[in-house]
Amino acid sequence: MVNLKDGQQAARPPPWHASAAYLYVLHLDGPALAWEYLRRHPGYRQAWRAQAADAAQPWGLRILEDPALDAREALPDWLNARACAIRVIPDDDPAPEASPFELWRLPGRKQLQHDGQGLVLAARWPGCGVRLMLAPELHDGMPHAFAMRACREPCARYRDLANDLDQLATASRCEPSAATCPRPNPSALQGLLTLQALDANQAGASLREIAEGLFGSTEAASDWHADSALRARVRRLVQRGRYLLDGGYRELAGIDQLASPPLGRNSPTSDRP
């Protein structure tokens, strides 16, 4: 118990200390996780405020998205979204047992957006999500078919398409009112810690402070010296976060082959004790 003198107040921990606030990151796919890094970039936030013409493409987007929205609310329109989305078209030769397209039977939380060329439907449920491009002539109740764009690696793209459709079919048959997700894999947990470490770094925290926030003061006190494994791990988390912030997010979004945005040189990582 801490005794405070009159007029003193207990110091509140910084916002990035609350690990529970980052739990949703464990269930994000690549494009959604990419948005979490892009929306934290000061240059992108400035571009959003300015709303200049053609300001979105250098960041890998068709239109600017509000950086105040996290990946649970935002629907960033990446430049490659059409190439990666599942196209839903009317079936011009339906079988007698063909299933009709039923928007409201799709699982999860749905967002509908017009990207200037057509309707984009994003459906998300715990741990999964799909992005559908709806043909203009498609109406609710119509027999429908799924299509994909021709590409140089059709086998890999087909596997991704089949995996998304399998997830969609499974969730559509029986979407539970409450879902239990499997234990996050090490990669997902690493993604959570990286984003949390990045927020701490941007807030001006030292590596020691980040270690205490992420792993606890007891572990930091027992394993913190110049060559400690914990210090090296925290340094790598910060460096990885800075890399993803300063353009590496494009790999997560699948647009790393496009021109890089004008981000400038990275500032050196803080390594204060």
Side-chain angles (χ1 to χ4, degrees), residues 14-42 44-45 47-49 56 59-81 84-86 103-115 119-134 160 163-164 167-168 170-172 175-185 187-200 202-203 213-214 237 240-241 244-245 248-255:
W16 61 266
H17 255 255
S19 297
Y22 294 85
L23 291 179
Y24 71 95
V25 176
L26 295 172
H27 307 295
L28 299 181
D29 59 8
L33 187 57
W35 168 247
E36 287 294 333
Y37 289 98
L38 175 57
R39 76 186 189 93
R40 285 166 164 78
H41 196 285
Y44 178 78
R45 290 178 172 269
W48 167 257
R49 291 191 296 267
W59 300 96
L61 297 172
R62 293 184 186 276
I63 58 174
L64 294 174
E65 178 66 280
D66 186 354
L69 303 177
D70 65 35
R72 293 169 293 184
E73 300 177 288
L75 187 60
D77 189 8
W78 300 105
L79 289 176
N80 69 331
C84 297
I86 301 172
L103 174 65
W104 299 112
R105 288 184 63 86
L106 291 173
R109 184 171 62 89
K110 290 168 279 293
Q111 291 176 293
L112 195 62
Q113 177 188 68
H114 198 286
D115 67 353
L119 286 175
V120 181
L121 175 64
R124 296 170 181 164
W125 57 97
C128 301
V130 295
R131 191 182 183 99
L132 307 174
M133 306 294 300
L134 305 184
D160 293 340
N163 180 64
D164 289 343
Q167 292 181 355
L168 180 61
T170 301
S172 298
E175 183 186 6
S177 57
T180 57
C181 298
R183 184 181 181 88
N185 58 45
S187 177
L189 183 59
Q190 188 80 348
L192 182 152
L193 294 174
T194 300
L195 197 64
Q196 190 175 2
L198 173 63
D199 284 347
Q202 288 190 302
L214 269 60
L237 288 172
R240 174 67 174 168
L244 292 170
L245 177 76
Y249 69 88
R250 304 167 76 86
E251 298 176 12
L252 295 174
I255 54 174

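Numbering of residues begins at 1 and proceeds along the displayed sequence. Note: hydrogens, waters and symmetry copies are ignored here, and every other heavy atom, side chains too, is used.
Partner of Y22 under the side chain to side chain contact (heavy atoms under 4.5 Å, CB included) criterion, chosen from L195, L193, D70: L195. With L192 as reference, L26 is the one residue of L26, L28, L33 to meet the side chain to side chain contact (heavy atoms under 4.5 Å, CB included) rule.
Contact between G191 and Y37 at its shortest, heavy atoms only, is O-OH, 3.9 Å. In terms of heavy-atom proximity, A71 sits nearest to A32 at CB-O, 3.6 Å. Closest heavy-atom contact between S19 and G213: OG-O, 4.4 Å. The two residues Y44 and E65 make their nearest non-hydrogen contact at OH-O, 2.6 Å. The shortest heavy-atom contact between L61 and P76 is CD2-CB, 3.9 Å.
With sequence neighbours left out, the side-chain contact (heavy atoms from CB on, under 4.5 Å) criterion links P42 to Q202.
Atom CG of residue L103 and atom CG of residue L132 lie 9.5 Å apart, to the nearest 0.5 angstrom. Considering CG of L23 and CG of L189, their distance stands at 10.0 Å, rounded to 0.5 Å. Expressed to the nearest 0.5 Å, how far CZ of R240 lies from CG of L245 amounts to 12.0 Å.
Each salt bridge (Lys or Arg N to Asp or Glu O under 4.0 Å) pair with one or both residues in residues 18-37, not counting sequence neighbours, appears once here: E36-R39, E36-R40.
A 4.5 Å side-chain heavy-atom check between L214 and W16 finds at least one atom pair inside the cut-off. Between L244 and L198 the shortest side-chain heavy-atom distance does not fall below 4.5 Å. Proximity of I86 to M133: side-chain heavy atoms (C-beta onward) are nowhere separated by under 4.5 Å. For the pair L121 and R131, the minimum side-chain heavy-atom distance is 4.5 Å or more.
A tilted orientation is assigned to the rings of Y249 and W78, their planes being inclined by 30° to 60°.
For the pair W35 (side chain) and L69 (backbone), a donor-acceptor distance under 3.5 Å is present.
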